[in-house]
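Quick notes on the structure that follows.
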Amino acid sequence: MFGICLLHAVTQGGHNAPWMANCFSWCVTAFAFISGWFGMRFSFMKLAKLYGVSLYCAAMICIVNAVFGYGEGRLKYIWDVAVGQWYLNAYAILMCLAPVLNEGCRSIAEKFKADRKVGVMMVLPMIFCAFGWSFSTTLPIVRDYVPRATGLSSYSFLTLLGAYCVARFWRECENI
């Protein structure tokens, strides 16, 4: 979490340092990995709290900006800031799908233990899609030749899904 805070400080604090942002960008995916390692449970209350904290922070930012004359405190702006963050929404989707993902990873880990080839063939396509294909859309040399689909990018739910599932699968393999 500290790395994520540093990442935002060096990209949004008025003193852009791209090289430092590159040093801390892995922290975003690591947070999803940690969530996968320990597992998540869905709860409407946890989802409401997640968005509630976001709304509170957006309101505080707008109030401070209005007091110091940096911006407006309109409700529409507060709402856009609160729910317009890709990570917040991607994490919320991950939370909603966690029960299915947890069971799927457990089931694949059991198949992996029984027959490694079958287990690998079940895991590799998801890993390729989440990390290989989506990453290749950002590479200057090949990005013009890689097929594109909405949501297939570095800043999407798919990135978090990949990190979560890899960690969950790894943890389930240790438990079997």
Side-chain angles (χ1 to χ4, degrees), residues 1-9 11-12 21 24-65 73-114 119-120 122-135 149-176:
M1 203 56 187
F2 181 67
I4 293 171
C5 291
L6 283 174
L7 172 66
H8 285 87
T11 59
Q12 298 177 10
F24 295 114
S25 62
W26 64 270
C27 296
V28 174
T29 309
F31 192 79
F33 186 90
I34 292 168
S35 297
W37 184 262
F38 291 104
M40 288 177 21
R41 289 184 300 248
F42 175 76
S43 159
F44 282 111
M45 186 55 92
K46 282 177 20 179
L47 195 59
K49 285 179 182 178
L50 184 67
Y51 279 103
V53 167
S54 181
L55 280 168
Y56 171 78
C57 291
M60 290 297 106
I61 289 169
C62 288
I63 290 169
V64 168
N65 282 343
R74 297 175 308 169
L75 287 177
K76 172 83 170 94
Y77 180 75
I78 292 171
W79 181 256
D80 290 345
V81 168
V83 300
Q85 307 303 314
W86 80 269
Y87 193 88
L88 176 74
N89 296 323
Y91 200 80
I93 293 168
L94 190 62
M95 188 186 303
C96 291
L97 294 178
V100 174
L101 296 174
N102 292 341
E103 184 58 30
C105 288
R106 188 194 57 72
S107 176
I108 293 171
E110 287 176 359
K111 289 191 184 340
F112 183 76
K113 184 176 182 193
V120 166
M122 293 175 81
V123 172
L124 275 183
M126 191 277 302
I127 291 173
F128 168 74
C129 190
F131 301 118
W133 190 355
S134 65
F135 178 67
T150 303
L152 186 67
S153 68
S154 297
Y155 297 105
S156 70
F157 158 69
L158 187 61
T159 302
L160 300 189
L161 173 82
Y164 184 89
C165 286
V166 165
R168 195 78 221 133
F169 174 71
W170 187 354
R171 180 73 181 255
E172 290 295 337
C173 283
E174 284 189 351
N175 291 336
I176 293 176

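Quick caveat: nothing in here was measured; it's all calculated off a predicted structure.
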(Q) Donor-acceptor check, side chain of Ser54 to backbone of Leu50, threshold 3.5 angstrom: yes or no? (A) no

Q) Are any non-hydrogen side-chain atoms of Leu101 and Leu94 less than 4.5 angstrom apart? A) yes

Q. Once the angle between the rings of Tyr91 and Phe31 is folded into 0 to 90°, is it parallel (under 30°), tilted (30 to 60°) or perpendicular (over 60°)?
A. tilted

Q) Is the number of heavy atoms from other residues, nucleotides or ligands within 6.0 Å of CZ (Phe42) greater than 12? A) yes

**Q.** CZ/Phe135: more than 12 non-hydrogen atoms of other groups inside 6.0 Å
**A.** no

Q: Using atom types as modelled and distance alone, determine if a side-chain donor or acceptor of Ser107 lies under 3.5 Å from a backbone N or O of Glu103.
A: no

Q. Where the side chain of Arg168 meets the backbone of Asn102, is there a donor-acceptor pair that is under 3.5 Å apart?
A. no

Q | Tyr51 side-chain N/O to Ala92 backbone N/O, donor-acceptor pair under 3.5 Å | A | no

Q.
Do Phe112 and Val123 make a side-chain contact, defined as non-hydrogen atoms from C-beta onward lying under 4.5 Å apart?
A. no

Q. Which word best sums up how the rings of Trp37 and Phe33 line up, parallel for under 30°, tilted for 30 to 60°, or perpendicular for over 60°?
A. parallel

Q) Is any side-chain heavy atom of Tyr164 closer than 4.5 Å to a side-chain heavy atom of Leu97? A) no

Q.
Counting neighbours of NZ on Lys49 that are heavy atoms of other residues, nucleotides or ligands and sit closer than 6.0 Å, is the number greater than 12?
A. no

